[in-house]
Each structure stands twice: as C-alpha cells, then as structure tokens.
Amino acid sequence: MTKQLWKGNEAVAEAAIRAGCEAYFGYPITPQTELLEYMSWRMPQVGRVFLQAESEVGAINMVYGAACAGRRVMSSSSSPGVSLMMEGLSYIAASDVPAVLVNVMRGGPGLGNIHPAQSDYFQAVKFGGHGDYHPIVLAPASVQEAIELTALSFDLAEKYRHVVIEVLDGSIGQMMEPAEMPEMQPVRLERPAWALTGATERPKNVISSIRIDSEGLEAHNLHLQDKLAHIRGCEVRYKEYWLDDADLVLVAYGTAGRIALSAIRQARAEGLRVGLLRPVTLYPFPTERLARLAKQAQAFLVVEMSAGQMLEDVRLAVEGRAPVRFYGRMGGAVPMPDEIFEVVRGLCYALRPPKPSGNGHHPARRPQPEDPGPQGAD
Amino acid sequence: MTKQLWKGNEAVAEAAIRAGCEAYFGYPITPQTELLEYMSWRMPQVGRVFLQAESEVGAINMVYGAACAGRRVMSSSSSPGVSLMMEGLSYIAASDVPAVLVNVMRGGPGLGNIHPAQSDYFQAVKFGGHGDYHPIVLAPASVQEAIELTALSFDLAEKYRHVVIEVLDGSIGQMMEPAEMPEMQPVRLERPAWALTGATERPKNVISSIRIDSEGLEAHNLHLQDKLAHIRGCEVRYKEYWLDDADLVLVAYGTAGRIALSAIRQARAEGLRVGLLRPVTLYPFPTERLARLAKQAQAFLVVEMSAGQMLEDVRLAVEGRAPVRFYGRMGGAVPMPDEIFEVVRGLCYALRPPKPSGNGHHPARRPQPEDPGPQGAD
Amino acid sequence: MTDMQETVVFQRPETLEDTYTNYCPGCTHGTIHRLIAEVIDELGIRERTIGVAPVGCSVFIYNYQNVDFAVAAHGRAPAMATGIKRVQPDKVVFTYQGDGDLAAIGTNEILHAASRGENITVIFVNNATYGMTGGQMAPTTLPGQKTTSSPSGRDVEIQGWPMRVAELLAPLPGVSYSVRRSIHDPRHINNAKKAIRTAFRAQLDGMGLALVEILSACPTNWHLTPVAALEWLAKHMLPYYPVGDYKISEGLQ
Amino acid sequence: MTDMQETVVFQRPETLEDTYTNYCPGCTHGTIHRLIAEVIDELGIRERTIGVAPVGCSVFIYNYQNVDFAVAAHGRAPAMATGIKRVQPDKVVFTYQGDGDLAAIGTNEILHAASRGENITVIFVNNATYGMTGGQMAPTTLPGQKTTSSPSGRDVEIQGWPMRVAELLAPLPGVSYSVRRSIHDPRHINNAKKAIRTAFRAQLDGMGLALVEILSACPTNWHLTPVAALEWLAKHMLPYYPVGDYKISEGLQ
Amino acid sequence: MAKGRITIDPERCKGCEICTTVCVQQIIHLGDQFNRRGYRAAVVVDPEGKCTGCALCALSCPDTAITVYRQERLREPRLEKMAVVLA
Amino acid sequence: MAKGRITIDPERCKGCEICTTVCVQQIIHLGDQFNRRGYRAAVVVDPEGKCTGCALCALSCPDTAITVYRQERLREPRLEKMAVVLA
Amino acid sequence: MNKQTEIIVSGFGGQGALFAGQLLAYAGMDEGKHVTWIPSYGPEIRGGTAHCITIISDEEIGSPFVRRPAAAIVLNQPSLEKYGPLVRPGGVLIIGGAFGEEHVSRSDIREIRVPAQEIANALGNTRLANVVCLGALLAATKVLPLEALERALANHLPERHRHLLPANKEALRRGAIFVPDQELAA
Amino acid sequence: MNKQTEIIVSGFGGQGALFAGQLLAYAGMDEGKHVTWIPSYGPEIRGGTAHCITIISDEEIGSPFVRRPAAAIVLNQPSLEKYGPLVRPGGVLIIGGAFGEEHVSRSDIREIRVPAQEIANALGNTRLANVVCLGALLAATKVLPLEALERALANHLPERHRHLLPANKEALRRGAIFVPDQELAA
Ligand SMILES: Cc1ncc(C[n+]2csc(CCOP(=O)(O)OP(=O)(O)O)c2C)c(N)n1
Ligand SMILES: Cc1ncc(C[n+]2csc(CCOP(=O)(O)OP(=O)(O)O)c2C)c(N)n1
Ligand code: SF4
Ligand code: SF4
Ligand code: SF4
Ligand code: SF4
Ligand code: SF4
Ligand code: SF4
Ligand SMILES: [Mg+2]
Ligand SMILES: [Mg+2]
C-alpha cells in the first residue's frame, strides 16, 4: 500500500471506516467539519449509517444508542461542541458501552476561534462530565498516527467497553501529510452478549446508568475504577526522542510535540543534551516513565498549546524530584520551533549549576518584552 | 439575629436573595430542587425574577444574558445538569461577566443516584468546559458556611467578573442546621459600565467570546490567566483544626471535612497527633499552606466522597515531601466517622518509624475484607 | 351449566414483568406500562422490541417490562432511539417519556426525531408535572395549577401557556401518527391501548414517527387521592388537552 | 426648475455602522442587517435596543449595528435574550439567528421562548444551509439540495423534510407574530422591512414573541453567482417556504 | 348475567381504591391488612356472586393486581372472548 | 420622469452585480479596478442622466454601498418622500 | 464533657418519621444545643421507607451521619430490621407498633415496644404515632426535657395542624409515661 | 544532510493559493520526500486572505508551522506585506503580480516579480496565475524538479479541470523560464 496525501480529518474518517465503524453521528463545527463531510458520502457508499444530528447533544446520545446496540460508532466535534457532550459522555461511561469521540480542539474558552489549541486537556483527561471517570485519551501528532490511533480507539473502546476520546488539535485535523491507510476491516457481525438487539432466546438486556442505592453505585464505581486501573497498567503509550542522555526533558503531545521535536533538533545541533517524551496516551498517562526520567533528568520543560494542563500530570509524576518548567501558547496561537528553541537554550544554560535546587513553575505566558519567559531552575 | 433551623438548599437561596441576587434561572433536579422551589415563591415576593428554564442549557444561557445586563444572577443544579452547562459556563467565563452557580453534587457518573457525592471536583476546579479556565470554587461544610459562601460568591463574581461555582454535596443541600441569616442587602441599582443596558449616551457595549485571530484570543487568555493569578494570590480560604502538632494531616472539604473532624476528635481522644486542613476555596486551592505543612507533617490523608480528585491538588502541593494517602467513598456513599478513624489510627501506628520513606497512593477503594485499605507509608 | 367453564378473561400480559412497581398508589404510569405490554404481546414483537426509558418516575420501566431496555439521559430518549433504530432498522424501538422529559429538556430531540421521520414509536405520558423530582411545573402544567415551582399557580403571563405536544408535532411530515388519549376511565383506557397499537403498527409499516400522548394522573404531586386525581384529570386536563387524532397517515386508519 | 433641490432619498441608516462587512459578495445577511437598522432608526429605539447575535456567518453583526450586543452560544440566543429581557423589560431585545442556529441546535430554546411568550423579537435568517461552517445541510435545506454534508442531495427518506419554522411556531399562544418574508427583489425587501417593523412593534406593545423568518441567499455555499442565487431562492425556496403571515395577533394588523 | 370472579394480589395492590370505585357491583373494598410494603390491599367480598367478570376493575387497576375469571361456554374459543374486553 | 443620481462606495462594494441587474436604466456596471479587498467595484456610468433616483439599486445592495439622490421640489418635506421609498 | 446523641427515626412514607426527627432538632436548637437533621432523600421516600438522622450535641457537630446511633425510633418492620441491629450498645430502640414480634431482642440495648398506633387512635388521630414514640424516646434517653419538645411543637407545628397541638402534646406525654423509669440497660 | 524547505503561498480566496501549496506537497510526496501542508482555515478564507504552508524535507518533519519560511509566493498586496518580511535570509520571494510596487525590496533574499496574471491571461485562463508562480518558485529554489510538479498536476488536478492540464503545464514552464538562472542571493 503506497502513501497518499491525506488531510488529518479525512484520514481519521477513512481510518474509522476501515476499522469497521458502522455508524457516525455528528454536527458541523470548524475545524472538524471535513471529518463529518467525508463521512456524509463515504458511509452511505459502504452501506453504513451517517446521520447529521440536530446538535452535539443529539449526536452523542445517538452514539449512545448505537453503542448500546453493540455497534462500532463514533462522533466528532470541536471544543464547544464537545462541552455539550459532557452529560452524554458521562452516561456512556457509566454504562460500560464502547464509543469513540474525536475532538479537533480549537481556541477557547467560549466561542473563541477555530485555530489549533490543546486547551481541552483537562476536559478530556480529568473528564469534564460529572462523576468519577476518565476516558481513554489518545493524542496523535501526525496524520499517520491519527490513522493508527483511530483504529486503536475502536479496539480499546471495545476491549474495555469504554469511552475513547481522540484529541487532535485543529492543525492535525487540517494538515495534509503522506500516510498509509490500513486495509478495510470487515464489519464484525456478531453482537456482544450485552447489546440491545431484542430479547430473542435470551433474558432481556438492560443498559442503564442509574443505581439508586449508594451500595450499588459504589460497587459499580469500584468496577469502573478497577477498569481504569487495568487500563493504566496496560495501555500507556508514548514516544521517546533523544532521552538517553538528556539533561533537559521536554514533554509535549500532538502538534506541540512535533514542534518541540524541531526545536530539539536545533538544540542537539548545538550540542545541547535535550530529549523529548511525547505522550501518545494522555490517559493513561506515562507517569511511570516520567518518574524514572525524574531520576535522570535535571529539569523538565512542558510545552503545550494551553495555559498548562498536562503540566499537572507531569508534575504529579515528577513529584518535585526535578524542576518542571512550562512554555505555553494559548487561544489558537501555535509556538514556533525557534521560540521553543530559545526557551530550551535558556534552560540548558541555567542548568549548568548541576544540582537543581528548587521547583519553579511559571504561569503560562508567552515571552514578552517585559517578561523574560521561563527561566532556569530557581 | 437569632438562629433558625435552615435546610441547606433553602438557606443558600435565601442567602442569595439577601446578597442582592436579582434573577434566578434553573431547572429541577434532586438533590438541589428545594433551592429552585424556594426561589419560585421568594423571588417574586421580593420583586425579583424567577424563571424555570426549559433545561439546564437554557438556564445557564439565561444566566449569561442577565449577567450581561449587569445583574446579580444565579442558577443551581446537580451533577448531570451541571454537565449540560459546560458550554455555557465556558462562554460566560470567556466573557468576563459575573455569575454564580450552585452544584449540589450527587452520585455519578451518568444518572447515578441522588445521594451526596464530591465527584464533580475535577469538573468544577479543573473546569469541565473547553478552553483554559478555572471558575472560583467554594465548598461549604455546614449550612451556616453555605450562607456565608453564597454571599461571598456574588461578591467574588462581581469583583473579578468571574464565574463562581459553589459546590455543596447533596447532604449539605438536604440537611437542616441552626444558622444565622445576614440582613437583606439592598439591590445595587447602578449597572456596571460594561453592562448591556442600551447604548444611551455612551458607545455601544458588546459582550462576545469570539476573537477570530489567535493574537487577540491569546491576549485575552493572558488577561484571563492574570485574573486567575490574582485570584490565587488573594482569595485562598481554608479552615484548620489541630494542625499545630499534627503528624498526620487530613485534607477534606465539605461534608467529608466535617466527617473527618469527627474522626479526628476520636483520634485526639486517643492521643493521636492528627489535624485537619479543610479547604473552603477549592479554586484557588490552599497550595501554599499545604506546602508549608509538608515540611512539618509526616503524612497526609485525603478524604473525599470520590475516587480521589482533590487528592491530585494535594499531591501537587506536597510534591513528594511526605506520603499522601487517600480514603474515598463513591457513588453516593458517605464515609462514617468510625471508618475514617480506623484509617487514621492505622496510619498513625504505621508512622511510628519516624521518617517517611516513600509516597504510596492507593487507588480509591473502600476497605473490604480482602483489602486492608490504605496502609502506612511504604 | 355443564358446558360452562371458568376461563381467565383478564390477566397480566407476558411482557409485563411479574413484579410490583415502585409507583405511588394510583399512579397511572402502571396502567400505561400494562397497555404497552399487552400491545407488544398481541403484536408478537417482544423479542425484537427495544425500549428507551426516560428520566422521570418511569425510569425503572425496564424493571417492569420484559424487553431490552436502555435508559436515556433526561430528554434524550428520541436521540438514543434514533441511534438504536438506525443501526438495526428491523427492530422495534419505542421511547417512553414524561412531559418534563419530552416537552421541556428534550423538546429538541423529539422535534428533530419527528422532523427526520425516525421510524420509532413514542409514548408520551403527560401528567402536567415533574413527578420524579417532586411536582414542579412542567411545560404542560395547566394555567393556574399550583406546583412546587409555581406555588401560586401557573401564571401564563410569566410562564406562558401549556404546550400541546400532539398538536405541535402533527404537522411535521415525518410524523405518521399523532394522537392524544387518556387513562382516566375504562373506555379511555381501551382507546389508549388501541392508539398504542396503531403507533406500533405505524413503525412496523415503516411510516415514520408515531406518537401517542397519554394524559396520566400523578395523585402524589397533585395532592389528591387516586380516585380524585382521575376526576381532576377528566375535569381539568381534558378541556385543555382534548383527546383526539391530530394526525393519522393514510394507511393507518 | 428653480424650486428643485437634490435630496438624499437613500442612505445608510444611522444604526448601521459605517464599516464594511465580511460577508461574501451578494450575501443578503447584509440586506437584512440594513433593514433592521432602518427600523431601529425609524422607531427611535437605538439607545434602548440590545441585540443578541448567533453563531453563524452573522456572528459579527455586532460590528455592523450600533446597538448593544451580546453574542450567544450556538443556538442559545433566545435563552440569552430571555435573560436580558426578563431583568430589563423596558429594553428592546432582539435575536438574529440563522437556520442552523435557530432550527437545529437551538430549536429547544426558540420553542420554549415562544411558548413562554418571551417579549422579544426574533429575526430568523433562513438560507437553507450552514453558511459559516462551509455549507452543510441545515434543517431547512430543500429536498434534493446538495450540500457538503448531503453530497447527493437531501434525501427526505433519510434526513426528513425541511422544517418550516414560521408555521411551526405560529400556533403557540406565546407568539404574537410569525411571518415569512424574502429579500430576493426590491418588493420583497420592502415587505420584509415592514414585517421587521411590525415585529419590533409587537415587542414595544408587550405582545409576546414576534418572529420574522426571512429567506436569504448564500451564493457561496449554493455555488451560484449572487444574481443567480436570488433567482434560485425565488424559484426553489419560495415554493417550499411560502412568503406569508402565519400569525398576526389582534392589534398588530 | 355473566358470572365472574376476581382475585387481587395483595402484595401488588397499593390500595388506591380505583377498582373499588369502578366496580358497579360494589364488591371490592379496602381490606384491613397492611401488606409488606405498607399498603392496605383491596379485597373482594362477593358472597352473593355478584361479580359479572366485566373486568373493568382489572382494566383500571394501575398495578395489574387483579385477575378476572368468567364462566363461559366451552365451545367459544377463549382468545376471541378476550379480544372483546381488550380491544 | 424624476431625476436622480447615485454614488457607489468603491471600498464597500463587493461587485456582486445585483444592482447592475436590478437597475432598469442599465447604468451600473462592474468597474475594472479591484478595491483594497480584492473586489471589482461597480461604477455608475450615466452620461445621459438616465437615473431616476428610484433607489431600487440601493434597496437591493446587500452592502449598502449606494447612496441615492433625487431632484425634488423644495416645499415637499423631505422625510415624507423618503417614506414612499422605504415603506 | 461533650455529650452527643444521634437518633434515627424511620418508617413508611406518611408515618411522619422525617417530621419527628425535625421536631427533635427544633427542640434541641431551642435548648441551645448544636443540632443537625438530615433525611434520606429522593424517590424512595414515595411509597418506600423514609428515615432521618437527628444529632443533638453540646459541641459543634462533625459528621451529620452516623453508622451506629445512640437511639432509634422504628415505625415499621423494614425499619426495625435495618436499624435495630445498628443501635449502639447501651442505646435505646423504640419500636413503635406491633410489628416484628418475632424479632430477636438485643440485650445490650434498651428495647421499648410502644403501642403507638393504639395510643394515637385513642387520641383520635392515627397520625400521631410518631409523636407518641418521640415521648417514649425522650423518657428513655433524657436527651431533652419533654417540655423542650412541647415548645418545639408549639413553635413549629405547621399552621394547618395548629389545632392539633393539644393532641400532639398529649401524645408526647402518653408516650413518655409509657416508658417505665428504669435504669438504662448496660 | 537534511534539507528542509518551507514554502508559504498566500493570496485572496479564489486565487488558488491553497491548491498551489497542495500541488507542491503532492509533488514532494511523489518524489519520496517528507511533506506537510497546512492551510490557514476558517471563515477568513471567504473573501479574505488564504494562505498555506508546505514543507518538503528529506527527514521526518517536526513542526508543520514555520515562522520564517525558506520561500513564499504572494499573490496579492496584503500577502506581500505580511509574508515578504518573514522570508528567511537567503530565501526566495515570488511576487505574483503588479501590486505592491512601492514596497521596499530586501537585499538578503531573492525577490522575483512574476507577471503571473498576464502570463495566465495569455494562456487563456486567469486562474493559472498560481501555477505560473509555482514554476517560478521551482526554478528559483530547485526544491523539486519541474517534472515532479508536472506529474503532480497530471495526477492530482481535479477531474473537472483535467482538460486544463496542458495549459497548467505550460503555465508552470512559463513561470520557470521567467526566472533567470542566477545564483541564489547570499
Ligand atoms: C439533566 C437532568 N436534569 C434534571 C434532572 C432531574 N429530573 C429527573 S426526572 C425529572 C422530571 C421528570 O418529569 P417528567 O418527565 O414529567 O416525568 P414524571 O416523573 O412526571 O413521569 C427531572 C427534572 C435529571 N435527572 N437530569
Ligand atoms: C456548539 C457549537 N456547535 C457547532 C458550532 C459550529 N457552527 C458555527 S456556525 C454554525 C452553523 C451556522 O449556520 P446558520 O445558523 O444557518 O447561519 P449562517 O452561517 O448560515 O448564516 C455551526 C454549526 C459552534 N460554533 N458551536
Ligand atoms: S410522583 Fe406522580 S408520576 Fe411519580 S410515581 Fe408518584 S404518582 Fe406516579
Ligand atoms: S457563506 Fe453564505 S451566509 Fe455566509 S457570508 Fe457567505 S454568502 Fe453569506
Ligand atoms: S370484574 Fe367487574 S363486577 Fe367483577 S369485581 Fe371487577 S368490576 Fe366488579
Ligand atoms: S385498583 Fe389495583 S392497586 Fe388499586 S386498590 Fe384496586 S387492586 Fe389495589
Ligand atoms: S436609482 Fe434607480 S435608476 Fe438610478 S441607478 Fe439606482 S436603480 Fe438605476
Ligand atoms: S449591489 Fe452593492 S455590492 Fe453589489 S455590485 Fe452593486 S454596489 Fe456593489
Ligand atoms: Mg410528568
Ligand atoms: Mg444558514
């Protein structure tokens, strides 16, 4: 199979179809719309269900319905639309049914703009709905990876009967890259035993998220927590670059991750010992790997297209064993490689005093004349 | 003014009215409903606006409208209803208008049940909507405190032109306690300069959350982040109990906080050196106080009616300087004082080896026969 | 008399689970559950029927009927039913929804399901109040009716006029059947059942969304005895919500 | 000829800001903006009018009209307007909404604002597509109409029939005025303006929700020249969406 | 007059008194016993055999607590009879 | 025939050609110049003074780029005249 | 020394368990004590069982919940089954009727069976059984003086039941005198 | 050694800036290079200015964004103003028309003004200006051989424009020969 030039959004759509996605429900929103539009012709072409919902609330509850029927089903949206899905996602999560959602994140809060952003990390990873819950969250950094993670999303959703959110920032949705598309998988025809397919020759199935007594709901929550613990144990994925001898470890995902990579190349060319950990799963988070790195590295630099959200998970992993610094852009602004390189260089020079003596964390702020930006360890 | 027996939900409603709340928009949901019901007769009685909305989505956007008109306005709901407000809250947040929301939290995820819970901490504190944002989050532990924090909510909302979420768990909403109600405050009649009151003898006012270019949106985000930094600097509130000589510091808020207090009384009666930090503001979080305590205390125990959410903020504050253990109940289950006492005693005995040697964190789990529950430092 | 034998002329339908309900005494949700169960039995569709329960007093309907069930989020049953039906058009899918569920928070979902002509059956139980949460005003609460959130009676100047759902949806081309029935006496109960049967038939014939609005009693929140509640329904609800056929597509008569 | 003098017979209304718009060439959002501005001028209510903008191509209407403005979340303008108007009933509040905004995601909010009889004015711009996001199918997209999300044309079997908003809302008692107009030629433009004026008058007289649905052209997403778009509108939209008065309360005639 | 008989499931009955009102023969009454769930269940008192098996009580019972039997001619198919009542 | 005159704001005009179509006098045309935003603005070419000031062009212009003037008798109040056009 | 008494009142919906608990809270508050009252809330109240916890204390109250209360009033069989075993050793269990006679009595608490329904009926109002039990509870626990509860009744009986005040007071008294003034069980 | 070339193409909506950038990406991909293409997206494309960034590289591409590209094609005045100053020293700026003649040329890059519109008109299709500029860009930067772009045109021209293939190729060629084969500026 040769490579083709794919737009991220369309690649995700085609990848979903090839992974056997049987139904798509969605609502237009930039910068996600090409995904829906692609589905609108491609799903009928392969005899599957495409329906444009009346809203994101409608869409996620249609997903819920089709998921209850034991179908591979997905929706996609962008930040404000995803916010509207919080209740529905909480229901889906509570019901142990598999579902896949793609959030092509844009600048917020509010209506914001349509430029790429990563400011829905908390919403996805900590979970913006009510109740104790974390979706599995995947974050590709290229079109090829988006294709692979889309297939993985369906597999994980099904394996764990769980909600999977794939977060792209707008630029991965919009960019074109050469990528290889996997073969078309056959749609799985037998339905899971729990699916709502009519009580033919079996006792009725009920899918519900109400458990009126606290004993029952607590037991159910313990089951959900067990599932999450299992997921944390088995499904951590990340990519490493130049970590072997790194004094300074950058942590960045998605587009920020590949921009960081450019900056690191520049830094390595100058002989600076810098590496990158790029989480591919945001939940489960590569906490252990970071904890190990915390013993080796002298400092961490988290780069996000947000005010610093993943930053907290990095700090939770590092637990004060090394300073964790932050560089972020917001509101649809994308950091440029040279910008990050400057920060990296500054940090590396400040690291010369070999022992980190503290743990500073600057609030998210782009460097400005009056603000020298992130400084060395202090 | 003498004390009266007030039900939490009704006390919050009356306190809001006395704080000059001019409009209430809401939708029924247990265990919050008495708040709405109280408003339904009391607001018209004092000549203010009460409207039952068609949904929580409607309610929060009505709040948004009245807030834009420069009015003290509030809504209230419970977990699933609050999830539906995420988009609206993000818009309000992005628009720098003041608004107050009360979340009387119940067991989740999904429909769950109506029993008390604290599992919407992440949603409130990390913020479940899209975009970089944190509301101010207040968490009373008694009816009296709920009254005081309701008044404070309106003041803070107005002072910072910010969203304030007051999180009660269901039991504080439902319980009755003697409490003193403050005097009725006069409704503020002059409207802020930014309010939408018609462009009479002034240029038009526009309240919008769209900023189509990333420069503009980033600048706006920096402004929001500045505001948050200011809030973090000025508005941290917490209560301390027996912390002076505590080896073991419990951290718990709301109902969990007062249950912890009962357990600590029992522990102190046995001579155990245990204290309690009860955060009153969840955002801003008493990070600094905890960081200072981390130098004194040998261990922390976080108690929540959740799988462990505030736990992360405690760990971010303690940064590995002492072990942070967790005890939680979920799904509307409420820990009993004796339960917590057992955990506390176990931890205290395990603390005898004076130096903490690690930092274990057990996943949320109620102690069960086959599970000895949280252990000492390991 | 030798050629006489005792036969059962009325018993629980099979699709109704052999259990008691947690409804209040005199709550006619129970009656409506039974009618649906009888229709499912008579049409022989139990094994391919999937119900979608609302959030409301009838959230536990899945305990009472022996068919596959999903519980939707409050108001979203039509969207959930859309998802279920679109991926398995051969199944029979119905929603069961209260007036808060369908006519307040869920108006968008029902309206668009109707507009799209989703091939589902909707049983809409209008008891003029939010039963489950303790009797607040619903969009269908009558003018002047006192509820816990309209304590001095619904004031149409402030809260608007009650919504007539069967009439509102009837004109939509996607709707095959839209009628209103009541369950306050045996005759009306029988008519309600007939309508339910027609609404399922419409689905079996692939005609689009079929809705039966059923006036139902909530003695608890109306603060009436069960018998008085049925009288109140007949006296106060019927005039504003006339029983009638607002749309019967050709082929269903 | 000495008693002749040149006078301005047509110029920008004062309420229309002296700026250019970012609409596509031939987009009739601009026309509708002007009509509203003219009415506001003529009624002398500029200083007490508050507009609520939608999410859609017209999200920036606040840049084009010199009145106070809020931008609602997508579809929620009627709820936001409710909030604004309830706390200041002496102000004039109007929403400006597209068909995606009002008739898809926001159907619940408009329906309940109408049902409650909110005393606001709603300008509903129906261009049979989602302009801003690039021309997807709207609830008002015509049967067979190709859009980026109905690439082989809207199939009513699958996506249902287009929604007729003016007709749908007219029967609600809370609605004082519900009409449909168009802007495809000068005569219709004049009639649209008259309707807008009536819809504001209804609010000034406290009569409840007044809605003017206006058929509008989206040359860009229809893939037509501006002139051809107006012709398409007349030829294809008018038959399905007849210009007409679906409700005129007494006192407004 | 047709002859009938009913049984009332005392655990399912909630004592709502709809059946007692609807029975023209006036043979259903509220009993004195509370059932397990705290309701006074209805009982049928029909020493004179007044019950016609009309099933109006059962049709009206929200809790489907009533079963109705009727004396019928053997040759008439049972199902058809049901249909009259249920149609 | 009334006498009129129009002006077209070249920066506001987007060259949509609605006015050129609507003017019965056929005196509006697309110009050759691109304006700052890349549109070819409409221009009026009326050497014979055909414009009647009917304002149909202006009424139809989505961008309110056109101003219309008319020769009128002095004593008629200006506003009333406007109303005829705008009503 | 701080004394804290936790009381659970439980029965079918309509038996007045919640109101009885509230009365205790009012009485405690008027006596200057710290009090909390918390119901089990929600739909299970309808038809099912309702219960509440009242805590009366000399000191600021921590947990409004308690697993093992100092005292309980049970008004029906399921409540007896649920809360009978939970009363703290040395505590008091008021069984407000003739149900559950087969239940195995505990020797480590004081169990008092009160014919509350009969007494209430005798007073002409079946709904007074809860107040009868309150009288018995006060007599057995001495958590508050009887007069405190009488005052609470006078102050907090809903307007529409005001005419029942004398009957209520009498119910309280009859419940109290029903309890022999014996030493508390070990 | 890794060579990476970043190219920005910018113009009014309708001038084909996005398509030109995509063609570059296709051509690069077909040549076995790593490529990325990213547009500025959203409503500003309507009427306003559209631009895209294409990166062609021998190695896996990090950032798809770049602040200072190696080359830029500007098709209108605002694009010239915005991107002219950003081209990296030593880079190439193709000015695809007669606009912005008052602009101050940079000496540290190679600025090439191409009468793209005229050439396109001469070819009978005003919409070919973008392709003309592509030809000039390739000639000036040598990022890809002209033939690679011809193949990309052949493979990726939308079906409905297939008949324009010869004209497109010609536009490319004319753009290329317009550029004198001089050494790159320092
Ligand atoms: C999002 C959300 N909002 C509110 C609620 C609370 N709630 C539960 S049921 C209900 C109303 C039920 O009324 P109705 O639909 O009329 O059903 P009934 O109980 O009267 O049969 C409400 C508001 C909820 N569960 N979820
Ligand atoms: C919650 C949410 N969903 C989706 C969108 C994306 N969106 C923006 S405008 C729009 C539709 C606009 O269509 P319409 O209301 O018809 O207005 P038009 O542009 O046609 O005037 C959509 C879906 C959004 N901003 N927010
Ligand atoms: S509250 Fe009303 S609707 Fe709900 S079960 Fe009771 S009677 Fe029925
Ligand atoms: S896309 Fe359509 S509605 Fe939007 S500005 Fe362009 S023509 Fe107008
Ligand atoms: S069957 Fe008829 S007669 Fe017999 S008890 Fe029932 S209602 Fe009465
Ligand atoms: S109608 Fe049914 S529930 Fe009601 S009293 Fe009669 S048998 Fe009992
Ligand atoms: S005013 Fe009338 S005649 Fe004059 S240019 Fe305009 S349309 Fe033509
Ligand atoms: S109608 Fe207006 S925008 Fe269109 S060409 Fe004429 S003047 Fe220009
Ligand atoms: Mg109801
Ligand atoms: Mg539109």
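Proteins get letters first, then strands, A, B, ... in listed order; numbering begins at 1 in each.
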Distance, nearest 0.5 Å, that separates [atom1] of [X] from [atom2] of [Y]:
X: Leu111(B); Y: Arg211(A); atom1: CG; atom2: CZ; answer: 10.0 Å
X: Lys126(B); Y: Lys126(A); atom1: NZ; atom2: NZ; answer: 7.0 Å
X: Ser83(B); Y: Leu89(A); atom1: OG; atom2: CG; answer: 9.5 Å
X: Arg329(A); Y: Asn221(B); atom1: CZ; atom2: CG; answer: 11.0 Å

Chain A interface, residue from [options] that has the most non-hydrogen pairs under 4.5 Å:
options: Met86(B), Arg106(B), His220(B); answer: Met86(B)
options: Gly332(B), Ser79(B), Ser95(B), Ala219(B); answer: Ser79(B)
options: Ala117(B), Pro80(B), Gly88(B), Gly108(B); answer: Pro80(B)

So for [X], is it side chain, backbone, both, or neither that comes closer than 4.5 Å to the heavy atoms of chain B?
X: Glu312(A); result: both
X: Ile92(A); result: neither
X: Asp213(A); result: backbone

Least distance between heavy atoms, [X] atom then [Y] atom:
X: Ser214(B); Y: Ala333(A); answer: CB-N, 3.6 Å
X: Pro109(A); Y: Ser90(B); answer: CB-OG, 3.3 Å
X: Glu87(B); Y: Leu84(A); answer: OE1-CD2, 3.5 Å
X: Asp132(A); Y: Gln309(B); answer: OD1-NE2, 2.7 Å

Quiz item: Where the side chain of Gln123(B) meets the backbone of Gly128(A), is there a donor-acceptor pair that is under 3.5 Å apart?
Solution: yes
Self-check item: Backbone of Gly131(B) reached by a side-chain donor or acceptor of Asp120(A) within 3.5 Å
Solution: yes
Exercise. Decide yes or no on side chain to side chain contact (heavy atoms under 4.5 Å, CB included) for Phe122(B) and His130(A), but give the supporting numbers first.
Key: CA-CA 8 Å; Phe122(B) 280 145; His130(A) 58 286; over 6 Å; no
Quiz item: In terms of heavy-atom proximity below 4.5 Å to chain A, should Leu224(B) be classed as side chain, backbone, both, or neither?
Solution: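 Side chain only.
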Quiz item: Given the options Gly129(A), Gly112(A), Ala94(A), which has more heavy-atom pairs under 4.5 Å with chain B than any of the others?
Solution: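 Ranked by heavy-atom pairs under 4.5 Å with chain B, first place is Gly112(A).
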Self-check item: Ile210(B) side chain reached by Asn113(A) side chain, heavy atoms, under 4.5 Å
Solution: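 No, too far: nothing below the 4.5 Å cut-off.
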Practice problem: State, with a plain yes or no, whether a side-chain heavy atom of Met330(B) is found less than 4.5 Å away from one of Leu217(A). | Solution: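 No, too far: nothing below the 4.5 Å cut-off.
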